[in-house]
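Just so it is clear, the values below take in all heavy atoms, side chains as well, and ignore hydrogens, waters and symmetry mates. This structure is a prediction, so every number in the text was calculated from the model and none was measured.
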Amino acid sequence: MRYRLTFVVGLALGYVLGTRAGRERYEQLKKSAREISQNPAVRNTVESATQQGREVAGKAFHTVSDRVGDRMPDSVAERVRSLREKGQGGSDDWGTSNT
């Protein structure tokens, strides 16, 4: 999904830079992107995908740590713990809740 989004953003950027319509068309694209990102359905989908990603990452961490055991470097375990704690409660970068 991230790669698709990057491709679409790159495509839009290339269009804006290559078009002769100039600033007016750029402002239209910017307004459309803002409307899409503020759409409740899009925000809910992003929130759901984020939550599912966190759950899958947690399960993967437990599976790997069970199989690898004490051989997992402390730096990796610490990083995963800090990411998990960061995701607890509050709101994410999109301003949505993590429920």
Practice prompt. Given side-chain contact (heavy atoms from CB on, under 4.5 Å), test Ser48 with Gln51 step by step and report yes or no.
Written response: CA-CA 5 Å; Ser48 296; Gln51 186 63 26; 5.8 Å; no
Item to complete: For Val42, enumerate each residue passing the side-chain contact (heavy atoms from CB on, under 4.5 Å) test, keeping only those at least two apart in sequence or located in another chain.
Response: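 By the side-chain contact (heavy atoms from CB on, under 4.5 Å) rule, Val42 matches Ile36, Asn39, Val46.
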Fill in: Set of residues satisfying side-chain contact (heavy atoms from CB on, under 4.5 Å) with respect to Leu29, sequence neighbours excluded
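With sequence neighbours excluded, Leu29 shows a side-chain contact (heavy atoms from CB on, under 4.5 Å) to Tyr15, Val16, Arg25, given in chain and number order.
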Fill in: Where Gln38 and Arg43 come nearest, the two heavy atoms and their spacing
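Heavy atoms only, the tightest pair is O-CD, 3.8 Å.
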Worksheet item: Got a sec, which pairs hit salt bridge (charged side-chain N to carboxylate O under 4.0 Å, His left out) with one end in residues 26-39, sequence neighbours left out?
Response: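 Only Arg23-Glu27 qualify under salt bridge (charged side-chain N to carboxylate O under 4.0 Å, His left out).
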